[in-house]
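Working notes, structure below.
Proteins come first, then strands; the chains are lettered A, B, ... in the order of their sequence lines, and each starts at number 1.
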Protein chains: 2
Amino acid sequence: MSVQERKQRERAERERLIVATARELAEQQGWDAVTTRRLAERIEYSQPVLYSHFRGKREIIGAVALEGATEMAAAIRAATAAADGPRARVTALARTYLDFAAHNPAVYDALFQLDGGLAFAHEDTPEPLKDAFAALLESLGEVAGDGVHPGVFTETFWAALHGLATLTRAGRLPPEYAGQRVELLVDRLAVV
Amino acid sequence: MSVQERKQRERAERERLIVATARELAEQQGWDAVTTRRLAERIEYSQPVLYSHFRGKREIIGAVALEGATEMAAAIRAATAAADGPRARVTALARTYLDFAAHNPAVYDALFQLDGGLAFAHEDTPEPLKDAFAALLESLGEVAGDGVHPGVFTETFWAALHGLATLTRAGRLPPEYAGQRVELLVDRLAVV
DNA sequence: GAGTCGATCCTAGCATCGCTAGACAACGGA
DNA sequence: TCCGTTGTCTAGCGATGCTAGGATCGACTC
């Protein structure tokens, strides 16, 4: 028993190492630089070891995405809990969301830009993803306004944030007016 | 003279063929399927011919993007011109934008998801891109509301549409309430 | 404590990718 | 008719994700 347990522990530890290394490498040099060879070299194992943990590169991206979703949900809950009143909560949520995207671009890509093989908007959606959406819903649901479904409102607000995050990072939007755009979004969309 | 002109014409024609074929292949099977080999085979030339027209695959994607930007600008102008009043124009714009993204996913990817090597939000931005943004600005500028810069308003509205387009297509948003989300966006963001 | 057997890991290789060098052919101008 | 330029192709490079097969190591059995 003890031997098997130890091996299982070591396996789990190595899996964490793979995910953490992939994330680190992606944040440092972008996802293009995360090749199976480089990743294997960094964890000091041979390439095929990766495939004994994950079905392929997609699944590794997916693992990074799930990790990121958990962190993002926590960050949003922390920020909104510290804010007073619905309006302040929405502002804090928007800022935190965009900050997370800006400071963890590789994780954000893994979540929403790359194919991590994850299911969305289904019952078989992984728990961290559902929970991240729930974190958004908690603060956004209360400012949906009359006659608007809280879920639909949250989806729309989220989409707007997602658009800002991706277009800004891709250099499609000049960064100068980022603050004004967030303000505009909160002022107009949220019913306080 | 005539000989050179003919050759130039043929070259331009082949360049159009390359871009059109790349676009067609991307729409049919996704950009992953657009390899230089497959593309070369479809246009019935060898691989290196592509590189006598474009510096690489990125530039081909960029060419498809520019073509798409022109079409999108035209579609938006046509839709808004046919609408009566600011509110109707904004609704038409939003619908048209999302329809374009839904019906030309590969082109939309070339424009905003993939790296086509294009500059954005600078003075050296290609004309079609600037013009597409101008088309948005024409109808959105008039509903920015007091004290909000039309350009910043357009950027924000555009980002929201972009978020809806990408998240919907990636399966991140259930398609059932697409209409409600657009309605919500127009109702709240636009000042009519 | 020795032998066997299974799990674990690595070397080597496949098909495919974007891209390029160098050989070859075809065509226009003298 | 010959030459030279221009254009095109064949072949190949390095790198990618992924996999088959053999080798090695360690844990149980007698």
Side-chain angles (χ1 to χ4, degrees), chain A residues 1-19 21-23 25-26 28-65 106 109-110 114-117, chain B residues 1-19 21-23 25-26 28-65 106 109-110 113-118:
Chain A
M1 279 304 151
S2 156
V3 170
Q4 280 192 9
E5 279 177 9
R6 194 205 65 211
K7 291 204 171 183
Q8 216 164 349
R9 242 189 354 256
E10 288 173 352
R11 243 190 96 76
E13 178 51 39
R14 194 172 58 182
E15 190 156 317
R16 272 193 295 275
L17 178 64
I18 292 173
V19 176
T21 306
R23 175 176 177 172
L25 191 51
Q28 285 173 357
Q29 310 181 33
W31 276 106
D32 276 353
V34 183
T35 69
T36 55
R37 276 172 239 275
R38 244 192 294 262
L39 186 50
E41 193 188 5
R42 284 229 181 175
I43 64 169
E44 294 181 313
Y45 280 96
S46 75
Q47 239 182 326
V49 165
L50 300 174
Y51 294 85
S52 73
H53 288 273
F54 302 94
R55 300 172 70 89
K57 192 183 172 181
R58 258 178 48 159
E59 263 195 12
I60 298 179
I61 295 173
V64 172
D109 280 348
L114 302 174
D115 179 15
Chain B
M1 280 301 150
S2 156
V3 170
Q4 279 192 12
E5 278 177 8
R6 195 204 65 211
K7 290 207 172 183
Q8 215 165 350
R9 243 189 353 256
E10 287 173 353
R11 243 190 96 75
E13 178 52 38
R14 193 171 60 180
E15 190 157 315
R16 273 193 294 276
L17 177 64
I18 292 173
V19 176
T21 306
R23 176 176 178 170
L25 190 51
Q28 285 172 356
Q29 310 180 33
W31 277 106
D32 277 353
V34 183
T35 69
T36 55
R37 276 172 239 274
R38 245 191 294 262
L39 185 51
E41 194 190 4
R42 284 230 182 175
I43 64 168
E44 294 182 312
Y45 280 95
S46 75
Q47 238 183 328
V49 165
L50 301 175
Y51 293 86
S52 74
H53 287 272
F54 302 94
R55 299 172 70 89
K57 192 183 171 180
R58 259 178 46 162
E59 263 196 12
I60 298 178
I61 296 173
V64 172
D109 281 348
Q113 301 269 51
L114 303 174
D115 179 15
L118 301 175

Exercise. Taking atom CD1 of B:Ile18 and atom CG of B:Leu50, what is their separation to the nearest 0.5 Å?
Worked result: 5.0 Å

Problem set entry | A:Pro48 vs B:Tyr45, nearer the 5' end of DNA chain D by closest nucleotide | B:Tyr45

Problem set entry | Minimum-distance nucleotide (side-chain atoms of A:Tyr51 versus D:dT19, D:dT16, C:dC19) | D:dT19

Exercise. To the nearest Å, how far apart are B:Leu50 CG and D:dC9 P?
Worked result: 10 Å

Problem set entry | Short side-chain N/O contact from A:Thr36 to OP1 or OP2 of D:dG17, under 4.0 Å | yes

Could you go through nucleotides 5-8 of chain C and list every protein N or O atom that sits under 3.5 Å from one of its N or O atoms, giving the distance for each pair?
none

Exercise. More than 12 foreign heavy atoms under 6.0 Å from CD of B:Glu10: is that the case here?
Worked result: yes

Exercise. Could you state the CD1-P distance from B:Ile60 to C:dC19, rounded to the nearest angstrom?
Worked result: 8 Å

Seminar exercise, completed: Rounded to whole Å, CH2 of B:Trp31 lies from C1' of C:dG18 at a distance of 15 Å

Problem set entry | A:Lys57 NZ to D:dA15 C1', straight-line distance once rounded to whole Å | 12 Å

For this session: Can you check whether any acceptor in the base of D:dC9 is under 3.5 Å from a donor in the side chain of B:Gln47, or vice versa?
Result: no

Problem set entry | Whichever of B:Arg37 and A:Arg55 has its nearest DNA chain D nucleotide further upstream toward 5' | B:Arg37

For this session: Would you kindly give the CD-to-C1' distance between B:Glu15 and D:dG7, to the nearest whole Å?
Result: 16 Å

Exercise. Taking side chain as C-beta onward, heavy atoms only, is A:Trp31 less than 4.5 Å from A:Leu25?
Worked result: no

Exercise. Roughly, in whole Å, what's the span from NE2 in B:His53 to C1' in C:dG18?
Worked result: 18 Å

Problem set entry | pair B:Glu41-B:Gln47: side-chain heavy atoms closer than 4.5 Å | no

Exercise. Within the structure shown, what part of the strands sits under 4.0 Å from B:Ser46 by heavy-atom distance: base, sugar-phosphate, or nothing?
Worked result: base

Exercise. Does the side chain of A:Arg37 come within less than 4.5 Å of A:Ser46's, by heavy atoms?
Worked result: no

Problem set entry | Gap between atom CG of B:Leu114 and atom NZ of B:Lys57 - 0.5 Å precision | 8.5 Å

Exercise. Whole-Å distance between D:dG17 P and A:Glu59 CD?
Worked result: 15 Å

For this session: State whether the number of non-hydrogen atoms from other residues, nucleotides or ligands found under 6.0 Å of B:Gln28 atom CD is greater than 12.
Result: yes

Exercise. Starting at CZ of B:Phe54 and ending at P of C:dG18, how long is that distance when rounded to a whole Å?
Worked result: 15 Å

Exercise. Between D:dT19, C:dC9, D:dT16, which nucleotide gets closest to the side-chain atoms of A:Val49?
Worked result: C:dC9

